[in-house]
Amino acid sequence: MKKTGIVIIGGGAAGLAAGLEACCGPFETLLLEKNNICGKKLLLTGGGRCNFSHAGTTRELVSAFHGQGKFLFSALSQFDSTHYIDFLSRAGVPVKLESDGRYFPRSDKAVAVRDAFLRALNKAGCQPLYNCNVNRISRLSEQNKFAITAQTSQTSETFIADAVILATGAPCYPETGSDGWGLRMAASLGLNVNPSTPAL
């Protein structure tokens, strides 16, 4: 049994970004990824070029969700395109803005974006655990903590954490690991989960 501060489940775009922010705080952070690499779906975005952000204002981006995007306003206000442009610039990944408002790495290689996150996580001391398939999360109410049970290629591990971030993706691309497992797990923990529909 291993103890840590924050466990992030899922090493896609959301999990990598969450890991980067969590590492800035005082808690030890652990990222669990069920695939043998992080960012499997991220590597496919923009035809493999990774359109990582958009030049639209926060209000414009929220309005693109046809009245359903108000919950994004706070997150998009704090983590707008300049946030990630600055991050990538510091990581040595120059970016470009195309005529349709989409930002891409200048190299047109999604792997450059994914690897920038991995380098930053490694530097912060958060080494992802790969091939780590989480099969259970339970609340330890007497300790106000969570127990996360995961199967690795070698053995079964249990992690005790103060907080859990589910970043496993919606059921949009099962081949990459985005199969909706996290939504089902959130519902099993008593959280309200709204019906999900595809969006771009």
Side-chain angles (χ1 to χ4, degrees), residues 5-33 35 37-66 68-128 130 163-170 172-173 176-178 182 196 198-200:
I6 300 172
V7 168
I8 300 168
I9 303 172
L16 292 171
L20 201 56
E21 297 303 320
C23 285
C24 294
F27 301 103
E28 185 180 354
T29 302
L30 179 64
L31 193 155
L32 308 178
E33 169 54 48
N35 291 312
I37 60 169
C38 280
K40 207 166 182 181
K41 190 168 59 176
L42 178 71
L43 296 177
L44 302 175
T45 61
R49 297 193 301 138
C50 190
N51 50 314
F52 68 89
S53 192
H54 194 276
T57 67
T58 299
R59 290 192 183 282
E60 288 170 337
L61 294 176
V62 167
S63 70
F65 286 84
H66 310 291
Q68 302 297 311
K70 290 181 182 176
F71 75 98
L72 293 169
F73 198 88
S74 176
L76 290 174
S77 295
Q78 293 179 67
F79 301 99
D80 60 5
S81 58
T82 59
H83 180 84
Y84 289 107
I85 290 168
D86 291 346
F87 163 71
L88 290 172
S89 177
R90 291 192 308 272
V93 180
V95 304
K96 62 181 177 179
L97 175 63
E98 297 199 342
S99 59
D100 59 3
R102 294 185 299 168
Y103 281 104
F104 291 88
R106 199 178 298 162
S107 66
D108 282 330
K109 293 182 179 177
V111 70
V113 174
R114 193 277 311 268
D115 287 355
F117 277 95
L118 288 177
R119 285 193 304 272
L121 284 174
N122 288 336
K123 187 175 180 181
C126 180
Q127 177 72 43
Y130 298 104
V164 176
I165 298 174
L166 280 171
T168 58
C172 61
Y173 206 147
T176 65
S178 289
S196 58
L200 188 59

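It should be emphasised that the depicted structure is a prediction, and the values quoted were computed from it without experimental measurement.
Scanning all heavy atoms of the two residues, the minimum distance from Gly169 to Ser178 falls at CA-OG, 4.0 Å. Between Gly12 and Glu33, the shortest heavy-atom distance links the atoms N-OE1, 4.1 Å. The two residues Gln127 and Asn122 have their closest heavy-atom pair at OE1-OD1, 2.9 Å. Leu118 and Tyr130 make their closest contact through CD2-OH, 3.9 Å (heavy atoms, listed as atom of the first residue, atom of the second, distance). Nearest approach of Cys50 to Leu42, heavy atoms of both residues: SG-CD1, 3.7 Å. For Ile8 against Ala22, the heavy-atom pair with the smallest separation is CD1-CB, 4.4 Å.
At a threshold of 4.5 Å between non-hydrogen side-chain atoms, the residues Leu31 and Leu121 count as touching. With contacts defined as side-chain heavy-atom distances shorter than 4.5 Å, the pair Leu43/Arg114 qualifies. Side-chain contact check for Cys38 versus Leu16: some heavy-atom pair is nearer than 4.5 Å. Considering only heavy atoms from C-beta on, Ile85 comes within 4.5 Å of Phe52 through its side chain. Taking the side chain as every heavy atom from C-beta outward, Phe73 and Arg59 approach each other to under 4.5 Å. Put simply, the side chain of Glu98 reaches to within 4.5 Å of the side chain of Phe104, judged on heavy atoms. In this structure the side chain of Asp86 never reaches within 4.5 angstrom of the side chain of Leu88, judged on heavy atoms. Using a 4.5 Å heavy-atom cutoff, the side chains of Asn51 and Thr45 are in contact.
For the side-chain contact (heavy atoms from CB on, under 4.5 Å) criterion with Ser77, the lone passing option out of Thr58, Val62, Leu72 is Thr58.
No donor-acceptor pair closer than 3.5 Å links the side chain of Gln78 to the backbone N or O of Ala75. Checking side-chain atoms of Arg119 against main-chain N and O of Ala91 turns up a donor-acceptor pair under 3.5 Å. Using modelled atom types, no side-chain atom of Thr176 and backbone atom of Lys41 make a donor-acceptor pair closer than 3.5 Å.
Rounded to the nearest 0.5 Å, atoms CG (Asp100) and NE2 (His54) are 6.0 Å apart. From Phe79, atom CZ reaches atom OH of Tyr84 across 5.5 Å, with rounding to the nearest 0.5 Å. The OG1 atom of Thr29 sits 4.5 Å away from atom CD1 of Ile6, with the distance rounded to the nearest 0.5 Å. Note: Ser53 OG to Arg102 CZ = 12.0 Å, rounded to the nearest 0.5 Å.
Between Phe117 and Phe87, the ring centre distance stays below 6.0 Å.
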